[in-house]
A.B. asks: 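Handing you a structure now.
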Amino acid sequence: MGAEDHLVIPINKGQFTLETPERITEFEAKRGDGVEEEYKENRKLWTEYPRRQHVSEYPLHVDIELASVCNLKCPMCYTISPDFKKKVNAKLIDFELFTQLVDECATGNVYSIRLSFRGESFLHKRILDCVDYAKRKGIKEVSTLTNGLRLNEEMFVQLMEAGIDWITISFDGLGETYEQIRRPAKYERAVEKIANYAKIKKEAGRVKPIIKIQTVLPAIENDPKAFYRVFSPISDMVSANPLIDFLQSKRDLPKISNFSCPQIYQRLVVGADGLCMMCANDEDGKIIVGDANKQSIYDIWHGSEMSRIREIHRRGAGVAEISACTECYLPLKTYESRVIIGDRSVVAEKYLSGTEKVNELNTPDKLKRKEMQV
């Protein structure tokens, strides 16, 4: 009996697209542009390895955090909580460590790297050098997530020429809603920049970097069609995330039976300080599996701590035995909700946590309550 016969291993749970089937197909084609066969194989293995619980020689993907700090204080973000600030080193990655990591990723045929994790990647002054170095070393997909505040047209051209493959821009809501959540960003200028990125690509005859817009669902739920209408013409994909209350304890929330984590077979996460987390959802670094300042990616990936974690998940006991997994959103039960976009609808899986409004998150009272619990 294989692992898939008795364990629940959700692949890419959480984010959902607002797109049409035709635009989804087009996005996938653009993402694999120039590396079609390698991309197809990577997508197959992304699902296959977790289902088989297969430990590859190197991870398929490595998150290399350029910055663990941010220039915004969005109410739904865990980085503004006192608990996070106490636990996480606020810093930018040393370029020497970055190049060391990329060198090994290239040697180990790691398919993709993402230059972000918890903070704002564009706070790193050498982000262009990071992209250029990774692409020159042969990394097939280099991406980053950004709030878009520091990125502008001039830098976009430089990134495009350096070869970045994918930029995801977090954009929560329209007009005043966006400005309230993403203060001090200005809505009109933010949209203008994204429209200009699309124009720059078109005039240069480029497919990449592909631009993905993502939002938190409550910020657009009153009129998702309006949000889609603004961004679909100027981006390659528009997507949304159900709201996650990072300050709410998930210990007693309804969980999936026999949950087993897929990420421990897909990716390795390296923080800006070089400490490696067990997965991309352990934002506080509760479980450190290695130190890239002292160890190779290979040794960490095959190390005793990652092996211990995988063995626990092979038994479907991660939620019961690992604190970070107990508090993770991936094992949470969900319910289906329909998001209507004009004459069509898409399915959004919402978590059974009860929080539906962005302005309910990280309020002074809630932060105080969290501090008292620590």
Side-chain angles (χ1 to χ4, degrees), residues 31 33-35 38 58-72 79 88-170 193-194 196-197 200-201 204 206-212 267-277 280 290-298 300:
R31 188 175 166 188
D33 183 67
V35 287
E38 295 95 332
Y58 275 88
L60 296 168
H61 171 86
V62 176
D63 297 276
I64 305 177
E65 182 179 59
L66 296 192
S68 58
V69 290
C70 190
N71 52 344
L72 296 183
T79 64
V88 176
N89 294 326
K91 74 182 306 285
L92 309 178
I93 197 170
D94 294 331
F95 189 69
E96 183 178 355
L97 174 59
F98 176 82
T99 57
Q100 170 191 315
L101 291 164
V102 170
D103 287 348
E104 189 179 358
C105 285
T107 302
N109 291 319
V110 173
Y111 181 85
S112 58
I113 64 172
R114 192 184 197 197
L115 308 181
S116 52
F117 176 38
R118 297 166 293 197
E120 171 53 44
S121 57
F122 283 88
L123 293 178
H124 201 291
K125 292 181 179 180
R126 300 194 66 177
I127 186 172
L128 290 169
D129 293 332
C130 291
V131 172
D132 179 67
Y133 189 85
K135 292 305 296 182
R136 284 193 289 108
K137 283 292 179 175
I139 304 300
K140 293 179 178 61
E141 182 177 277
V142 178
S143 65
T144 194
L145 167 68
T146 178
N147 57 42
L149 199 60
R150 286 205 167 191
L151 179 61
N152 58 28
E153 290 87 347
E154 180 182 2
M155 185 177 288
F156 182 84
V157 172
Q158 293 172 320
L159 286 167
M160 183 176 72
E161 296 302 333
I164 196 168
D165 298 285
W166 180 0
I167 301 173
T168 295
I169 301 174
S170 292
K193 287 196 294 184
I194 296 169
N196 286 340
Y197 303 154
I200 289 166
K201 279 203 304 178
R206 303 289 184 86
V207 171
K208 295 179 177 179
I210 52 175
I211 301 296
K212 177 179 168 184
R267 69 204 298 177
L268 184 69
V269 182
V270 186
D273 56 3
L275 298 181
C276 299
M277 279 128 287
D291 185 347
N293 295 293
K294 304 173 183 177
Q295 300 169 273
S296 67
I297 291 172
Y298 180 92
I300 297 168

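Everything quoted here is computed from the prediction, not taken from an experiment. Computed over heavy atoms, backbone and side chain alike; hydrogens, waters and symmetry mates excluded.
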A.B. asks: Testing the basics here: between Val110 and Pro59, what is the closest heavy-atom pair and its distance to 0.1 Å?
C.D. replies: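 Closest approach of Val110 to Pro59, heavy atoms only: CG2-O, 3.6 Å.
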
A.B. asks: Less than 4.5 Å apart, any side-chain heavy atom of Ile139 and any of Cys105?
C.D. replies: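 Answer yes - side chains close enough.
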
A.B. asks: Can you tell me how far CG of Leu159 sits from OG1 of Thr146, rounded to the nearest 0.5 angstrom?
C.D. replies: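 Nearest 0.5 Å value for the OG1-CG distance: 9.5 Å.
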
A.B. asks: Can you give me the closest heavy-atom contact between Leu275 and Met277, atom names plus distance?
C.D. replies: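 Looking at all heavy atoms of both residues, the closest pair is O-CE, 3.2 Å.
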
A.B. asks: List in chain and number order the residues that pass ring-ring contact (aromatic ring centres under 6.0 Å, His included) with Phe95, two or more places apart in sequence or in another chain; answer none if no residue qualifies.
C.D. replies: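 So Phe95 forms no ring-ring contact (aromatic ring centres under 6.0 Å, His included) with any residue.
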
A.B. asks: Could you walk me through whether Phe122 and Leu149 pass side-chain contact (heavy atoms from CB on, under 4.5 Å), step by step?
C.D. replies: CA-CA 9 Å; Phe122 283 88; Leu149 199 60; over 6 Å; no

A.B. asks: Among Leu128, Ile127, Asp132, Val131, exactly one meets side-chain contact (heavy atoms from CB on, under 4.5 Å) together with Ile164. Which residue is that?
C.D. replies: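 Per the side-chain contact (heavy atoms from CB on, under 4.5 Å) rule, the option paired with Ile164 is Val131, out of Leu128, Ile127, Asp132, Val131.
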
A.B. asks: Mind checking the NE2-OG spacing from His61 to Ser143? Nearest 0.5 Å is all I need.
C.D. replies: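 Interatomic distance, His61 NE2 to Ser143 OG, rounded to 0.5 Å: 6.0 Å.
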
A.B. asks: Rounded to the nearest 0.5 Å, what separation is found between the CG atom of Asp273 and the CG atom of Asp94?
C.D. replies: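 If we round to the nearest 0.5 Å, Asp273:CG and Asp94:CG are 10.0 Å apart.
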
A.B. asks: Taking ring-ring contact (aromatic ring centres under 6.0 Å, His included) as the definition, give me every residue that meets it alongside Phe156, ordered by chain and number, with sequence neighbours left out.
C.D. replies: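 ring-ring contact (aromatic ring centres under 6.0 Å, His included) list for Phe156, sorted by chain: Tyr197.
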
A.B. asks: Verify, without hydrogens or angle tests, whether Glu161 (side chain) and Val157 (backbone) share a donor-acceptor contact under 3.5 angstrom.
C.D. replies: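 Answer holds: no.
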
A.B. asks: Can you spot which of Arg114, Lys135, Arg31 makes a side-chain hydrogen bond (donor to acceptor under 3.5 Å, both in side chains) with Glu141?
C.D. replies: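 Running side-chain hydrogen bond (donor to acceptor under 3.5 Å, both in side chains) over Arg114, Lys135, Arg31 with Glu141 returns exactly one hit, Arg31.
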
A.B. asks: Begin from the C-alpha positions of Leu268 and Ile300 and carry the test side-chain contact (heavy atoms from CB on, under 4.5 Å) through to its verdict.
C.D. replies: CA-CA 9 Å; Leu268 184 69; Ile300 297 168; 4.0 Å; yes

A.B. asks: So, do Lys140 and Ser112 sit near enough that their side-chain heavy atoms are less than 4.5 Å apart?
C.D. replies: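 With C-beta onward as the side chain, the pair stays apart.
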
A.B. asks: Side chains of Ile93 and Glu65: does their closest heavy-atom pair fall under 4.5 Å?
C.D. replies: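 No. Closest side-chain heavy atoms not under 4.5 Å.
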
A.B. asks: Keeping the roles fixed (side chain from Glu38, backbone from Tyr111), state whether a donor-acceptor pair exists under 3.5 Å.
C.D. replies: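 Side chain of Glu38 to backbone of Tyr111: no pair is present.
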
A.B. asks: Could you grab the distance from atom CG of Leu115 to atom CG of Leu66, nearest 0.5 Å is fine?
C.D. replies: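 Nearest 0.5 Å value for the CG-CG distance: 5.0 Å.
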
A.B. asks: Give me the atom names and distance for the closest heavy-atom approach of Ile210 to Lys201.
C.D. replies: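 Smallest heavy-atom distance, with atoms named: CA-NZ, 3.8 Å.
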
A.B. asks: Closest approach of Ala272 and Ser68, non-hydrogen atoms and distance?
C.D. replies: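 Closest approach of Ala272 to Ser68, heavy atoms only: CB-N, 4.1 Å.
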
A.B. asks: Locate the shortest heavy-atom distance separating Asp33 from Lys208; write the atom from each residue and the value.
C.D. replies: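 What the structure gives for the nearest pair is O-NZ, 3.1 Å.
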
A.B. asks: Are the side chains of Met155 and Gln158 in touch, meaning some heavy atoms are under 4.5 Å apart?
C.D. replies: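 Yes; the side chains approach each other to less than 4.5 Å.
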
A.B. asks: Taking only residues two or more places apart in sequence or in another chain, which ones pass ring-ring contact (aromatic ring centres under 6.0 Å, His included) with Tyr58?
C.D. replies: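 By the ring-ring contact (aromatic ring centres under 6.0 Å, His included) rule, Tyr58 matches Tyr298.
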
A.B. asks: Nearest 0.5 Å please: distance from the OG atom of Ser296 over to the CD atom of Glu104.
C.D. replies: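 Interatomic distance, Ser296 OG to Glu104 CD, rounded to 0.5 Å: 4.5 Å.
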
A.B. asks: How far does CG of Asn109 sit from CG of Leu60, to the nearest 0.5 angstrom?
C.D. replies: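 The distance works out to 11.0 Å.
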
A.B. asks: For a 4.5 angstrom cut-off between non-hydrogen side-chain atoms, does Val270 reach Cys276?
C.D. replies: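 Touching, per the 4.5 Å side-chain cut-off.
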
A.B. asks: Counting distance only, does the side-chain N/O of Gln100 pair as donor-acceptor with the main-chain N or O of Ala292 below 3.5 Å?
C.D. replies: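 Yes.
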
A.B. asks: Does the pair Asp103 and Lys137 meet the rule for a side-chain contact (heavy atoms from CB on, under 4.5 Å), with working shown?
C.D. replies: CA-CA 7 Å; Asp103 287 348; Lys137 283 292 179 175; 3.1 Å; yes

A.B. asks: Quick test of your reading of the model: are Asp63 and Arg267 salt-bridged, counting only N-O distances below 4.0 Å?
C.D. replies: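 Result for this pair is yes, salt bridge flagged.
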
A.B. asks: Side-chain contact test, heavy atoms from C-beta onward, threshold under 4.5 Å: evaluate it for Leu145 versus Ser121 and give yes or no.
C.D. replies: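 With C-beta onward as the side chain, the pair stays apart.
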
A.B. asks: Considering all heavy atoms of both residues, which atom of Val142 and which atom of Ala134 are nearest to each other, and what is their separation?
C.D. replies: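 Closest approach of Val142 to Ala134: CG2-CB, 3.8 Å.
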
